[in-house]
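Hydrogens, waters and symmetry mates play no part in the numbers below; they use all other heavy atoms, side chains included.
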Amino acid sequence: MMGKPRLSIVIPAFESHATVADSLKAIEKQDLQGFEVILVDSSPTDRGAEIVARQFPGVRLVRPAGRLLPHEARNLGVSHSSADLIVFTDPDIYPSPSWLDRLANAHAQEGGLIVGSVLCHGRKWLDVGTHLAKFDLWLPGGSRRPIEISPTLNCLCSRDLFEKVGGFRGEFVIGDTIFSWNVARAGYPVTFEPGAVVWHHHMASWGSLLRERYDRGVEFGRMRSRFGGWSWPRLALHSLVTLLPLRWAGLTIRTFRHSAAAGLLNDFLLTLPITSSAHAAWLAGESRGFLGELWRRARRRPAASGR
């Protein structure tokens, strides 16, 4: 590229050789041009890096010395970027041609953090169920509107905002959730632009989905209580209520509503065993996170009184 790019696209990668080429090809076909791509590959092998170097010489490839968690890699990618607007996505994401244009236009009108929508790549039963379980909040449909949480596979913010909130908490898997909370706490809007569509290529097994949902639920429960400054009674109450069938039913109904609004009601009905089990795993993890936070505070209390 000549001159300063309009946007910088930051992509973390770890053994992403199966999808990265198709992802970068889709990015090349954007209606809006004048952007740069920074791919931070912390894989132990060179397979993905060789694909990028051979087929996409315009991509800025960053190879850190060791393994980075995804949000650590994103922070590093931003430090290598040049544009005033930063776009985050993943190497298993295939964006529509209008993706960048819609994100940029929404930011010009709304400011803050812009979140795009996510559809499932392919029609495999497990992949569709996995997608609805993880991304029902960001299915396309409806008009532009406020939203609480932004996944880093499809979002845009200014460099200034990124730096004001301190970037991502790289040590956390839910660093994107914490980033969204910090943006809102700083007084900036978090806006959903359903027209900025990407497709997610899922490659997980049912077992790995349940493990991932449980682990993220644990982290979410722990950080949600800390971020909100919850009291002991509120923590104890949430740890119990989270395990009640009512919350599981609430998540399932939410997925039903969002699927129906996106025209995916049949997909929801056909994959209900996957989505319902994934929601149960998340809630079990969330309750474990609340209990873990209670235990952490209980251990600190005697030590503090002893001093």
Side-chain angles (χ1 to χ4, degrees), residues 69-71 115 118 126-139 147-153 168-185 190 200 202 204-259 268-269 271-305:
L69 293 175
H71 295 303
V115 187
V118 193
L126 178 59
D127 293 348
V128 172
T130 295
H131 189 82
L132 295 183
K134 295 177 65 173
F135 297 107
D136 69 291
L137 288 173
W138 305 284
L139 294 174
I147 197 168
E148 292 186 1
I149 296 174
S150 168
T152 38
L153 51 75
F168 296 109
R169 293 285 299 274
E171 71 272 28
F172 294 110
V173 177
I174 64 162
D176 47 4
T177 298
I178 298 171
F179 182 78
S180 304
W181 291 341
N182 285 331
V183 167
R185 176 175 281 184
V190 182
H200 192 305
H202 296 279
S205 66
W206 200 337
S208 64
L209 168 67
L210 297 181
R211 168 53 62 182
E212 184 261 1
R213 291 287 84 191
Y214 175 83
D215 290 343
R216 293 203 178 197
V218 171
E219 198 169 82
F220 180 85
R222 185 169 68 247
M223 296 310 299
R224 181 185 179 197
S225 61
R226 292 182 189 179
F227 197 88
W230 287 5
S231 64
W232 278 62
R234 186 174 181 182
L235 261 173
L237 177 64
H238 273 76
S239 65
L240 296 175
V241 170
T242 299
L243 293 177
L244 296 177
L246 188 61
R247 279 217 55 201
W248 172 85
L251 283 181
T252 303
I253 292 170
R254 187 194 76 183
T255 305
F256 163 78
R257 289 191 294 104
H258 292 157
S259 299
F268 168 80
L269 295 173
T271 62
L272 187 57
I274 301 171
T275 56
S276 60
S277 63
H279 291 330
W282 173 278
L283 292 172
E286 194 175 317
S287 181
R288 175 66 180 83
F290 293 144
L291 290 171
E293 183 64 13
L294 276 172
W295 176 244
R296 184 184 72 89
R297 295 187 188 183
R299 293 182 64 188
R300 290 176 56 192
R301 196 170 184 178
S305 60

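- Side-chain atoms of Trp248 come within 3.5 Å of backbone atoms of Ser276 as a donor-acceptor pair (strictly under, hydrogens ignored).
- You'll find the side chain of Arg254 reaches within 4.5 Å of the side chain of Leu137, heavy atoms only.
- In this structure, Trp230 and His238 have tilted ring planes: the angle between them lies in the 30° to 60° band.
- Residues Arg247 and Val241 come closest through the heavy atom pair CG-O, 3.7 Å.
- Residues Leu139 and Leu132 meet the side-chain proximity criterion, which asks for heavy atoms closer than 4.5 Å.
- At distances below 3.5 Å, not a single donor-acceptor pair connects side-chain atoms of His258 with backbone N or O atoms of Trp138.
- Between the Ser239 side chain and the Ser287 main chain, no donor and acceptor come within less than 3.5 Å of each other.
- With rounding to the nearest 0.5 Å, the separation of CD1 in Ile174 from CZ in Phe179 is 14.5 Å.
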Check against side chain to side chain contact (heavy atoms under 4.5 Å, CB included), Phe172 and His71: CA-CA 8 Å; Phe172 294 110; His71 295 303; 5.8 Å; no
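- Under a 3.5 Å cut-off, the side chain of His202 and the backbone N or O of Gly129 do not form any donor-acceptor pair.
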Side chain to side chain contact (heavy atoms under 4.5 Å, CB included) for Thr255 and His279? Distances and angles first, verdict last. CA-CA 10 Å; Thr255 305; His279 291 330; 2.8 Å; yes
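- Put simply, OG on Ser205 and CZ on Arg211 are 11.5 Å apart, with the number rounded to the nearest 0.5 Å.
- In this structure, Trp181 and Val190 have side chains that are not in contact, with every pair of non-hydrogen atoms separated by 4.5 Å or more.
- One finds the CG atom of Leu69 at 13.0 Å from the CZ atom of Arg169 (value rounded to the nearest 0.5 Å).
- With sequence neighbours left out, Asp176 forms a salt bridge (Lys or Arg N to Asp or Glu O under 4.0 Å) with no residue at all.
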Show your working on side chain to side chain contact (heavy atoms under 4.5 Å, CB included) between Leu209 and Ile274 and close with a plain yes or no. CA-CA 9 Å; Leu209 168 67; Ile274 301 171; 3.7 Å; yes
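- Tested against Glu293 for a side chain to side chain donor-acceptor pair (under 3.5 Å), the candidates Arg222, Arg224, Arg226 yield a single pass: Arg226.
- Remark: the backbone N or O of Ser180 is not paired with any side-chain donor or acceptor of Ser150 at under 3.5 angstrom.
- Using a 4.5 Å heavy-atom cutoff, the side chains of Phe227 and Arg185 are in contact.
- Residues passing the salt bridge (Lys or Arg N to Asp or Glu O under 4.0 Å) test with Arg216 are Glu212, sequence neighbours excluded.
- Atoms OG1 and CZ, from Thr252 and Phe268 in turn, are 6.0 Å apart once rounded to the nearest 0.5 Å.
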Start with the C-alpha distance between Leu251 and Leu283, add both sets of side-chain angles, then the distance that settles side chain to side chain contact (heavy atoms under 4.5 Å, CB included), and finish with yes or no. CA-CA 9 Å; Leu251 283 181; Leu283 292 172; 3.8 Å; yes
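- One finds the CZ atom of Arg288 at 11.0 Å from the CG atom of Asp215 (value rounded to the nearest 0.5 Å).
- Counting non-hydrogen atoms of neighbouring residues, nucleotides and ligands closer than 6.0 angstrom, the CG atom of Leu269 exceeds 12 such neighbours.
- With hydrogens and angles ignored, the 3.5 Å screen pairs no side-chain donor or acceptor of Ser259 with any backbone N or O of Phe256.
- To the nearest 0.5 angstrom, Trp282 atom CH2 is 13.5 Å from Leu210 atom CG.
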